[in-house]
**Student:** 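Here's a structure for you.
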Amino acid sequence: MRTALQMTAFGLALLSALFLLLATCTDCWMVNADDSLEVSHKCRGLWRECVTNMQDGVRTCDQYDSILADHPVKIVVTRTLMITADLLAGLALATLVLGLDCIKFLMEDPCAKLKMCYGAGVILSIGSILGLVGSVWYAVDVYMERAMLVSHNIFLGVHYDFGWSCWLGMAGSTGCLVASVLLTCCLY
């Protein structure tokens with residue numbers, strides 16, 4: 001039973017860590033949500049802004065000036081939180097692999113292996129909270145930006161909604177949180 005629980009937590013943690021990494025690297029955190037007929041599809045990410053022509057499928061991307069340039073707070077905070085969540089998820093996966101019962105590392109000390117699984121769960125929970133805070137921070141900021149424009153009757157021709165990268169970050173963080181609960185609460 002314990003091995004099955006460990007393997008389930010490992011599979012979920014691996015998939016969730018991949019989701020977190022993809023969310024950090026991809027460039028569709030905000031997507032245009034204009035109701036009129038658009039000839040282009042605009043996405044804004046943490047690292048660049050891309051426009052896809054809907055007629056011929058040509059995609060062009062503009063990198064942001066520099067990592068150290070003046071960027072909006074939502075981009076800087078989300079970058080920091082997501083990169084930290086990625087690193088913690090990777091560390092937790094490495095620790096979890098060594099703590100799995102099916103791995104022949106420290107077979108003579110099952111208590112140490114159990115502590116490694118527990119430690120991986122704690123690290124995963126910290127990473128998942130950081131990822132959730134980063135994703136939700138970005139989503140709330142997008143929503144507040146749109147709500148402020150609507151409340152002031154300002155129409156700029158296009159408004160943005162949450163993109164699939166933002167949802168992927170939330171899903172990856174939630175998956176890491178579930179895997180950490182499996183490792184810390186259900187393993188004993």
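All values below were derived from every heavy atom in this structure, side-chain atoms included, with hydrogens, water molecules and symmetry-related copies excluded.
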**Student:** Check the hydrophobic clustering (I, L, V, M, F, W, Y; side-chain heavy atoms under 4.5 Å; chains of links allowed) and say if Leu18 and Leu93 are grouped together.
**Tutor:**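 Leu18 does not cluster with Leu93.
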**Student:** Nearest heavy-atom pair of Cys25 and Trp47: which atoms, and what distance?
**Tutor:**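 Looks like O-CD1, 4.2 Å.
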**Student:** Taking Ser16 for its side chain and Ala13 for its backbone only, find out whether a donor-acceptor pair lies under 3.5 Å.
**Tutor:**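 Judged by distance alone, no pair lies under 3.5 Å.
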**Student:** Rounded to the nearest 0.5 Å, what's the gap from CG on Leu182 to CE on Met7? Could you check?
**Tutor:**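 Leu182 atom CG to Met7 atom CE measures 13.5 Å (nearest 0.5 Å).
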**Student:** Would Val178 end up clustered with Leu22 when hydrophobic side chains under 4.5 Å apart are linked, directly or stepwise?
**Tutor:**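 Cluster IDs for Val178 and Leu22 differ.
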**Student:** Is there a side-chain contact between Leu124 and Leu88 in this structure, where contact means two heavy atoms from C-beta onward sitting under 4.5 Å apart?
**Tutor:**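 No, too far: nothing below the 4.5 Å cut-off.
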**Student:** Which distance, rounded to the nearest 0.5 Å, do you find between the CG of Leu183 and the OG1 of Thr95?
**Tutor:**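 The distance works out to 11.0 Å.
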**Student:** Look at the side-chain heavy atoms of Ile, Leu, Val, Met, Phe, Trp and Tyr, link any pair under 4.5 Å apart, and say whether Leu98 and Phe10 land in one connected group.
**Tutor:**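 Yes, Leu98 and Phe10 fall within the same hydrophobic cluster.
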**Student:** Answer whether the closest heavy-atom distance between the side chains of Leu91 and Leu87 falls below 4.5 Å.
**Tutor:**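 Answer no - side chains too far apart.
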**Student:** So which pairs with a foot in residues 121-134 pass salt bridge (charged side-chain N to carboxylate O under 4.0 Å, His left out), sequence neighbours left out?
**Tutor:**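 Passing the test, one end in residues 121-134: no pairs.
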**Student:** Are side-chain heavy atoms of Thr60 and Cys50 found at a separation under 4.5 Å?
**Tutor:**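 Not touching, per the 4.5 Å side-chain cut-off.
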**Student:** Looking at every heavy atom in both Leu96 and Cys117, which two are closest together, and how far apart are they?
**Tutor:**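 That closest heavy-atom pairing would be CD1-SG, 3.9 Å.
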**Student:** Taking all non-hydrogen atoms of both residues, which atom of Val142 and which atom of Asp161 are closest, and how far apart?
**Tutor:**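 Heavy-atom minimum between the residues: CG1-C, 4.2 Å.
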**Student:** In Å, rounded to the nearest 0.5 Å, how long is the span from CD1 of Ile75 to CE of Met30?
**Tutor:**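 With rounding to 0.5 Å, CD1 (Ile75) is 8.0 Å from CE (Met30).
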**Student:** To check you understand the geometry: which heavy-atom pair defines the closest contact between Leu20 and Ser173, and what is its length?
**Tutor:**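 That would be CD2-OG, 3.4 Å.
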**Student:** Please find the pair of heavy atoms, one from Val76 and one from Thr80, that lie closest to each other, and give the distance.
**Tutor:**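 Shortest heavy-atom separation between Val76 and Thr80 comes out as O-OG1, 2.8 Å.
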**Student:** For Thr174, give me all partners under side chain to side chain contact (heavy atoms under 4.5 Å, CB included), at least two apart in sequence or on another chain.
**Tutor:**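 Testing Thr174 for side chain to side chain contact (heavy atoms under 4.5 Å, CB included), a comparison that skips the adjacent residues, returns Leu132.
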**Student:** Find out if a path of hydrophobic residues (ILVMFWY) with successive side-chain heavy-atom gaps under 4.5 Å connects Ile123 to Val133.
**Tutor:**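 Looking at the clustering, Val133 is in the same group as Ile123.
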**Student:** Considering residues at least two apart in sequence or located in another chain, which fulfil the salt bridge (charged side-chain N to carboxylate O under 4.0 Å, His left out) criterion with Lys113?
**Tutor:**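 Salt bridge (charged side-chain N to carboxylate O under 4.0 Å, His left out) list for Lys113, sorted by chain: empty.
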**Student:** For residues 45-55, which residue pairs pass the salt bridge (charged side-chain N to carboxylate O under 4.0 Å, His left out) check, not counting sequence neighbours?
**Tutor:**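 Non-adjacent pairs meeting salt bridge (charged side-chain N to carboxylate O under 4.0 Å, His left out): Asp27-Arg48, Arg44-Glu49.
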**Student:** Is Leu177 reachable from Val136 through a run of hydrophobic residues whose side-chain heavy atoms are each under 4.5 Å from the next?
**Tutor:**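 The answer is no; the residues belong to distinct hydrophobic clusters.
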**Student:** Tell me every residue that passes side chain to side chain contact (heavy atoms under 4.5 Å, CB included) with Thr78, counting only those two or more places apart in sequence or in another chain.
**Tutor:**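 If we apply the side chain to side chain contact (heavy atoms under 4.5 Å, CB included) test to Thr78, skipping adjacent residues, the hits are Trp29, Leu46, Met82, Trp137, Tyr138.
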**Student:** Search all heavy atoms of Thr24 against all heavy atoms of Asp86 and return the closest pair with its distance.
**Tutor:**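 Result for this residue pair: OG1-OD2, 2.8 Å.
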**Student:** Side-chain atoms of residues 163-170: list all donor-acceptor pairs with protein atoms under 3.5 Å, sequence neighbours left out, distances to 0.1 Å.
**Tutor:**
residue : atom : partner : partner atom : Å
Ser165  : OG   : Thr26   : OG1          : 2.5
Ser165  : OG   : Cys28   : N            : 3.2

**Student:** How long is the straight-line distance from OG of Ser135 back to CG of Leu81, given to the nearest 0.5 Å?
**Tutor:**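 Leu81 CG to Ser135 OG: 9.0 Å, rounded to 0.5 Å.
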